[in-house]
Asker: 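Below you'll find the structure I mean.
Numbered from 1 within each chain, the chains take letters A, B, ... in sequence-line order. Note that these values count all heavy atoms, side chains included, but never hydrogens, waters or copies made by symmetry.
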Amino acid sequence: MDFDFKEVEKKWRKEWEDKEVYKVTEAPNLPKYYVLDMFPYPSGAGLHVGHPLGYVASDIYARYKRLKGFNVLHPMGYDAFGLPAEQYAIETGTPPQVTTDKAIKTYRGQLDKIGFSFDWSRQVKTCEPEYYKWTQWIFLQLFDSWYDRANNRAENIFTLDSYFAENGCINWPQHDKDDHAEFTDVEWNNFSVEEKQKILMHYRIAYQSYSEVNWCEALGTVLANDEVKDGKSERGGYPVERRKMRQWFLRITEYADRLLSGLDTLDWSDAMKDMQRNWIGRSEGALVQFHLSQTLSKGEGISSQYILTPDPSPSERGAEQVRFMTGAKEVSVKNLEHAKQHRKEPTEAEEKLWQEIRNEKLGFKFRRHLIDKYIVDFVCLFKGLIIEVDGDIHEFTKEEDAIRTLVLNQHGFTVIRFANNEVFNDLQNVLEKIKATATELNERIDSALSGLSDNQEVAVSPLSFGEGQVRKIPVFTTRPDTIFGATFMVIAPEHELVTSLTTAGQQKEIDDYIAYVKSRTDVERQQEKKVTGAFTGSYAVNPFTNTEIPIYIAEYVLAGYGTGAIMAVPADDERDRKFAEKFGLPIIEVIDKSAHPNAEIGDKVGTMINSGMLNGKEVKDAIKLILDEIEKQGIGKRKVNYRLRDAGYSRQRYWGEPFPIVYKNDIPYPLPVGELPLRLPEVDSYKPSGDGRSPIANNKAWVNLPDGSQRETDTMPGYAGSSWYFLRYMDPHNDKEFAAKDKLKYWQSVDLYLGGNEHAVGHLLYARLWHKFLYDMGYVPTDEPFKKLINQGMIQGVSAWVYRLSDIIISSTETPQSTLEKRPQIFVSYEICKTLKPLLGKSFKEIEGQFDLLPDDLKDCISKVYSAINEIGNVPEFMGAFDILDFTSRYVEVSVVDGDALNIDGFKSLPRLWTENSLFVYDSNGEITCERAVEKMSKSKYNVVNPDDVIEKYGADCFRMFEMFLGPLDQSKPWDQQGIDGVGKFIRRFWRLFGPTQTLPEGEGFNAIKLNLSDEKASPAELKILHKTIKKIADDIERLSFNTCVSQFMICLNELNDLKCTKREILEPLLIVLAPFAPFLTEELWQALGNTGSIHKAAFPKFEEKYLVESAFTYPVSINGKVRAEIPLALDLDEAAMKAAVLSNENIQKWTNGSEPKKFIFVKGRIINVVV
RNA sequence: GCCCUAGUGGCGGAAUUGGUAGACGCGCUCGACUCAAAAUCGAGUGCCGAAAGGCGUGGGGGUUCGAUUCCCUCCUGGGGUACCA
């Protein structure tokens, strides 16, 4: 009797469900194994044959591990929040919940048919409040934590609060002056709640910040970078613009190093690790300060209108400096703004000195202060003493400084100056000098302050440290060794200093260039490699060559990377060189690469030249040397830079997890944990609110709370729910914790994780971040979530196109358009189209004229086309419709194409293409062939194959095995169903091997079958086949090589068939080996063998080496590496005996001519090679 | 451009550590069964050649007794990423 897969599948699906065969509970006495598939998003389109590829593989693996005695966790659920359902809601008003539920139902139905062993009792859906309660809870943990770099781990935010309460943030290494001003413990304790919250926000792991985002007006939402393609939204292709918005972020950058180093501990493919490494983009280099080379550095962001044409370099400018001093009052106002805006970035020397004189350490109160139009480095108002620290720049600004001193003197101040070097090398002496001068001075405070208003003092002091960035520009470089060749500087057009650096003379040029940059889309920026830029008019000083270098802006420097500024080294950087060539800037060669003929520009090889102290050094050593020197001189410091940015965590959308956050006075506060889950509110409309907020903002009653506070209207992104779902599976119904400690401890982490590599950087990086965070907080026992990762390849579709004659109408035709539209289509076999290629585009008249000259095959084809046209031509209203020979191709459903040939009956069921009066031009085989090509499987390409259809025709077991038989799991391959018959044949032959007969008469249902097996003892040959198979299948499953497993099953079956083996001793264990692949077939036969339990709870047969041991081997014997003979020889023969046997072989003697071989190579059990 | 990955018969693919290249399946050819078809079973099938033999794993070169496998170089397809300093 034949294998009735429909009945068998129906029977066991029900049985497995009724008996909860795949339900798993924690069993401490069993070793655990966690096999997980990547969370699917249930799309409305349902599964196509590509989706289950990974699920089948993981299911086989999970079933195999169970048979091997492991307690296997193998769950499935849905990543149910997402844009498609919301987009559908916007279009139709259908609530996303409804759309999603429906899609999940479809998915589940499809999955069930394939016979997966998921423990469905553990299913989770991210959109359920029972689930997202814990997503919100984890978010609150992230919000309530900060990253302590000292211990390299996350800590609860209260530890930071109490640190500040005791120490303030002075001298705290993690304090970034860009973020907030310094404060003492006393100050902290006196801060208002709001002030404290604002400061703590700079440290929270989930934090808010204003940042430029990809704003898409049409979708009414912010898009992630990978959701933006070519400057348009990936979904819908709407325009995207940059816009500043307050957004939630996750401080993933703090974890960059651990995310990087953690990769080394993982069993992932190198490709995948590389992708993550590239994404994190760690680069080691230096942050180097370049001072500005003009009075501007002293004048601090003086608006360019006050600076007169400094286009020539400052040393060339001469007397113009004096005029710079006019307009002091207005300048002061500008100064104040700049002082506030840029009160950060003191030079290293200033900072060092400040630490020694602050807090009245010398007995005098020093502060930063605005005096006239200058912000002086340090001033003691009571003594009227000003201390200035000068960098190398002082060399170029002596004149300006002299004037500055003069002005300050006029206000009654004494000015003393120190060089950077003095501060670094002889600090004690400096301090003593300050002390001595201060002590000497009479109190002159009254006169000193005479020119200043109170307002200014309050505004500037004491926070206006440092002289603002305009005095120096930090650059990031990975090639500090080439600094002697830095002949110009380039900053990003978006750089915040562009305005301050632009001189009056260059204003127009810069404005024009910025306008040009803004006008360019991302596509244009990517496609053209044009070298563009503009000169700001300002100069910086190369700290090592002490030469002035011009500062340009150019779009090849990105605002978001490094400091948004580079030192350009045209000698050893491709882009810098092109830029220098275009703008005529000097190129100083700094590396001699003559010893490395293959080295290209930018390669880190060669010997340094023209580089002062570095001359003669190899690049590698030079990098180290110069870094030391840079740090010694206080010009800069070593710095590790990451490409990785903090992860945007806000979405202005409806269909996502609401934030458990309430704003009071615009400060966000967490909801108490007891109020979780904060449920997604209902809304009247799913359309974005229009003001940039999500549709949730439309529900005012929900947003505005009675106490005057407001709820957050953003929702969390797609990756929120999917960043921790694998933990929830361990304890999916727990309403006290996201998962109980003991269950987390039992299941640990995912042992095998399978999915597509589209998640390579997004999901996998975020999930690792969450996991590491939860690990830091002591909630999970492991610091990496996915030990072993396998990426299944994509299954591509094989698209098909049907060809027809084009509707080309010459204008002289007087046939009305409406008539032409009704004109019959003439479908032409692709074979004929290919043959007629030489005639394409010619008019039929012309072809007719040269008909006799055409080769026969063309004549033949064109005649066929003619007769079709004539058939239509006979209908008067269509006369003259075709003038030119041309074809148009249309996608045709792959379901109506067999091989290349169109299934005409099937085609006629497609109203999209076929109409009653269509005509066909068949080729010589009587077929209409189609053009075929491999493409992505997609609805729009009509090449989607639904697994339901395949299962309907071949059964689930066959479908599963065929998916595996297609090729290596991790390789992409087209779905070509050609070979499926082979697998179907295997299933039927395997079934017949057991000699099954139906016990019930035909038509009386399907209940039990009887097998015809022998209880005879198995022969060595049979046992060898069995054990060879046991070993091969176990090995291949372990290394996830499933295609070779299927081959082995076929080989095994062929061999058993040859031996006519029907022995139970062989077939029963073999059945278990096959069970992971064909769960239905094997379960049915297992029961028919008289077993009561499920085969899927049986034990995998033990492999016995002894059955494979051979006493002889037929050696292939090669002469000079070419196989010339096969000689069977005993395996225990010694080499001499073997050599004699081989050389005496007739076949071999033909080649050796009886002479002694030069060499005799013998690999036991493998090969013999004779060299003559 | 850079990173990753692959390239083997008509097709999907196998060869796990350098050891008989093309397992297994599809397709194709021939045969058996059949009135016939389907299904099933049997034989054959890398290319050239009548044969001996030669050639053959994208191309070229190298290491080795022996290379699909290791090295160098070039070409092509797929994926990722990108003015990343």
Side-chain angles (χ1 to χ4, degrees), chain A residues 2 226 269-275 277-279 281-283 285 475-479 482 490 492 525-526 528-531 554-558 560-569 573-576 578-579 600 602 641-644 757-758 760-761 791 793-794 796 899 934 962 965-968 970-986 988-989 992 1032 1035-1036 1038-1039 1041 1043-1054 1057 1114-1126 1157-1172:
Chain A
D2 278 343
D226 54 345
S269 73
D270 286 341
M272 188 60 47
K273 287 186 187 180
D274 280 335
M275 257 189 246
R277 284 193 190 107
N278 291 343
W279 193 259
R282 182 180 202 272
S283 53
V475 304
F476 177 72
T477 176
T478 55
R479 296 296 304 278
T482 62
V490 187
R525 278 210 197 188
Q526 272 173 33
E528 305 170 40
K529 301 272 174 191
K530 267 201 290 189
V531 181
E555 57 179 339
Y556 83 89
V557 174
L558 307 176
Y561 186 75
T563 61
I566 61 160
M567 60 173 213
V569 183
D573 183 279
E574 184 74 40
R575 288 154 311 160
D576 295 347
K578 283 194 178 138
F579 195 86
E600 284 175 31
N641 211 26
Y642 296 96
R643 205 181 69 118
L644 186 72
N757 60 6
E758 66 270 23
V761 281
N791 288 109
M794 205 170 44
Q796 295 145 317
V934 174
F962 181 62
F965 190 57
L966 273 176
D970 56 353
Q971 265 170 42
S972 290
K973 53 236 158 188
W975 179 264
D976 181 354
Q977 216 161 299
Q978 294 259 319
I980 199 168
D981 284 335
V983 177
K985 226 186 272 184
F986 164 80
R988 288 195 296 274
R989 291 173 72 205
R992 275 199 309 258
K1032 173 86 176 153
D1035 288 355
D1036 284 3
E1038 299 275 5
R1039 64 188 182 100
S1041 172
N1043 55 330
T1044 52
C1045 288
V1046 179
S1047 292
Q1048 180 58 36
F1049 282 124
M1050 290 172 171
I1051 293 167
C1052 174
L1053 175 63
N1054 288 346
N1057 263 332
T1114 303
Y1115 282 91
V1117 182
S1118 322
I1119 306 292
N1120 295 340
K1122 283 260 166 222
V1123 179
R1124 298 296 178 185
E1126 292 195 341
K1158 270 192 204 150
K1159 213 166 180 182
F1160 188 85
I1161 286 144
F1162 156 61
V1163 182
K1164 189 172 173 181
R1166 287 267 188 205
I1167 198 176
I1168 292 165
N1169 192 11
V1170 184
V1171 185
V1172 294

Asker: Under 3.5 Å, which N/O atoms of the protein pair with N/O atoms of nucleotides 47-49 of chain B?
Answerer:
none

Asker: Determine the Euclidean distance between corresponding C1' atoms of B/U40 and B/G46; express it in Å to zero decimal places.
Answerer: 29 Å
Asker: Can you tell me whether the base of B/G31 sits syn or anti, using the 90° cut around 0 to define syn?
Answerer: anti
Asker: OP1 or OP2 of B/G25 less than 4.0 angstrom from a side-chain nitrogen or oxygen of A/Asn1054, does that happen here?
Answerer: yes
Asker: Ignoring hydrogens, what is the shortest heavy-atom contact between A/Met275 and A/Val761? Give both atom names and the distance.
Answerer: O-CG1, 3.7 Å
Asker: Could you check how far CE of A/Met794 sits from P of B/G79, rounded to whole Å?
Answerer: 6 Å
Asker: Got a minute to check which stems RNA chain B is part of, using Watson-Crick or G-U wobble pairs under 3.5 Å, three or more consecutive?
Answerer: B:1-7 with B:75-81, B:10-12 with B:24-26, B:27-32 with B:40-45, B:46-48 with B:53-55, B:58-62 with B:70-74
Asker: Between the side chain of A/Arg643 and the main-chain N/O of A/Asn278, is any donor-acceptor distance below 3.5 Å?
Answerer: yes
Asker: Provide, to the nearest angstrom, the distance between the CE atom belonging to A/Met1050 and the C1' atom belonging to B/C24.
Answerer: 7 Å
Asker: Taking only nitrogen or oxygen atoms into account, show me every contact under 3.5 Å that the protein makes with nucleotides 53-56 of chain B, one pair per line with its distance.
Answerer:
{"from": "B/G54", "atom 1": "OP1", "to": "A/Arg1124", "atom 2": "NH2", "distance (Å)": "3.4"}
{"from": "B/G54", "atom 1": "OP2", "to": "A/Arg1124", "atom 2": "NH1", "distance (Å)": "3.1"}

Asker: Taking salt bridge (Lys or Arg N to Asp or Glu O under 4.0 Å) as the test, write out the residues that go with A/Asp970, two or more places apart.
Answerer: none
Asker: Listed by chain and number, what are the side-chain hydrogen bond (donor to acceptor under 3.5 Å, both in side chains) partners of A/Ser972, not counting sequence neighbours?
Answerer: none
Asker: I'd like to check the salt bridge (Lys or Arg N to Asp or Glu O under 4.0 Å) partners of A/Glu1126; sequence neighbours left out, ordered by chain and number.
Answerer: none
Asker: Distance alone, cut at 3.5 Å: any donor-acceptor contact between the side chains of A/Thr1044 and A/Ser1047?
Answerer: no
Asker: Polar atom pairs between nucleotides 14-17 of chain B and protein, under 3.5 Å, N or O only, would you list them?
Answerer:
{"from": "B/A14", "atom 1": "OP1", "to": "A/Asn1043", "atom 2": "ND2", "distance (Å)": "2.9"}
{"from": "B/A15", "atom 1": "OP1", "to": "A/Arg1039", "atom 2": "NH2", "distance (Å)": "3.4"}
{"from": "B/U16", "atom 1": "O4", "to": "A/Lys1032", "atom 2": "NZ", "distance (Å)": "2.7"}

Asker: Show each protein N/O and nucleotides 40-46 of chain B N/O combination with a separation under 3.5 Å, one pair to a line.
Answerer:
{"from": "B/U40", "atom 1": "OP1", "to": "A/Arg988", "atom 2": "NH2", "distance (Å)": "3.0"}
{"from": "B/C41", "atom 1": "OP1", "to": "A/Arg989", "atom 2": "NE", "distance (Å)": "3.2"}

Asker: Would you say the ring centroid of A/Phe962 lies under 6.0 angstrom from that of A/Trp975?
Answerer: yes
Asker: By salt bridge (Lys or Arg N to Asp or Glu O under 4.0 Å), which residues pair with A/Arg575, not counting sequence neighbours?
Answerer: A/Asp573
Asker: What's the CZ-P distance between A/Arg575 and B/A82, to the nearest Å?
Answerer: 15 Å
Asker: Round to a whole Å and report the spacing from CG of A/Asn757 to P of B/C4.
Answerer: 15 Å
Asker: Suppose we screen for salt bridge (Lys or Arg N to Asp or Glu O under 4.0 Å). Which residues come up paired with A/Lys1032, at least two apart in sequence or across chains?
Answerer: A/Asp1036
Asker: Between N or O atoms, less than 3.5 Å apart, protein on one side and nucleotides 63-66 of chain B on the other: list the pairs.
Answerer:
{"from": "B/C65", "atom 1": "OP1", "to": "A/Lys1159", "atom 2": "NZ", "distance (Å)": "3.2"}
{"from": "B/C65", "atom 1": "O2'", "to": "A/Asn1169", "atom 2": "ND2", "distance (Å)": "3.2"}
{"from": "B/C65", "atom 1": "O2", "to": "A/Asn1169", "atom 2": "ND2", "distance (Å)": "2.6"}

Asker: Might you list the N or O atoms of the protein lying below 3.5 Å from N or O atoms in nucleotides 29-32 of chain B, with each pair's distance?
Answerer:
none

